[in-house]
Amino acid sequence: MDIRSTLAAAEYGASRPATAPSAGTAGGRLADTARDFAATLEQADSLGQAALTGRADAHSLVQALAQTQLAVEAAVTVRDRVVEAYQEILRMPV
Amino acid sequence: MDEFFQGAAAAASGLKAQAHRLRLVSENIANADTPGYRRKVTDFEAVLRGGQPTGEVAAGPVRLDPREQERIWDPASPLADETGTYLGSNVEMVIEIADAREAQRSYEANLRLFDQARQMARGLLELLRR
């Protein structure tokens, strides 16, 4: 069997308790990551609104947007990999 | 990602500080002929968070240059005193223009570094996509 599928199965098993909000375990770390990601998005959103109304300066806006862009790209890449691993497992002949 | 974010934050703080410096220079140049004007100067200081330096920079409080202002000889001016001179400003064009050029170079360097941190982070993520 392909080594990638084995590793993918292990990763999927580790990420299964992701819905349980407990700190310290792999699922807790995933929930923390999601929370940080949501906080980054929220901060960038509020800064964007403040910039549109003229209250925030351009540098903070650009910095927050660049950070958000990077965070979103990272989250999307991780999501794609996890979904691909899940699909690999589904494709396993029973 | 945290290293990249901190590097980008430091570069962004540098951009803000240099922009502030450039603003003060342009204010000084605009007021070079204003009677009694003292040029504005500012120092940069390291940003501390919880006592620890974060690596970021911030422009300090704006001070006035205490140097002597030049006396302009013009007996016809309404501001002239009994010697026929009035107090000008202490702005020297050459110094201000040199300062503006330095601020611009620093701004470009910070901008390039900000972009480089972004590109490095993106390059790292590209590895995962393949």
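The chains referred to below are lettered A, B, ... by the order of the sequence lines, with proteins before strands, and numbering in each begins at 1.
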* **Donor + acceptor pair across side chains of Asn28(B), Tyr37(B) (<3.5 Å)** =>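 Yes - a donor-acceptor pair under 3.5 Å links their side chains.
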* Note, Glu96(B) side chain near Val91(B) side chain (heavy atom, < 4.5 Å) ->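 In contact.
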* Asked: Can you check whether Gln6(B) reaches Thr54(B) side chain to side chain, under 4.5 Å on heavy atoms?
  ->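 Not in contact.
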* Ser89(B) side chain to Arg38(B) backbone, donor-acceptor under 3.5 Å ->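 Pair absent, no side-chain N/O of Ser89(B) close to backbone of Arg38(B).
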* **Residue list, side-chain contact (heavy atoms from CB on, under 4.5 Å) with Asp74(B), at least two apart or on another chain** =>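 Expected list: Ala76(B), Ser77(B), Tyr86(B).
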* Which pair of non-hydrogen atoms, one from Asp57(A) and one from Ser60(A), has the smallest distance, and what is that distance? -> OD1-OG, 2.7 Å
* Ala12(B) versus His59(A), closest heavy-atom pair with distance -> O-CB, 4.4 Å
* To do: Go through the atoms of Asp80(A) and report whether side chain, backbone, both or neither lie under 4.5 Å from a heavy atom of chain B.
  => neither
* Of the backbone (N, CA, C, O) and the side chain (C-beta and beyond), which part of Val62(A) lies under 4.5 Å from a heavy atom of chain B, both, or neither? -> both
* To do: Could you list which of residues 103-125 of chain B have a heavy atom closer than 4.5 Å to any heavy atom of chain A, in residue-number order?
  => Tyr107(B), Phe114(B), Arg118(B), Ala121(B), Arg122(B), Leu125(B)
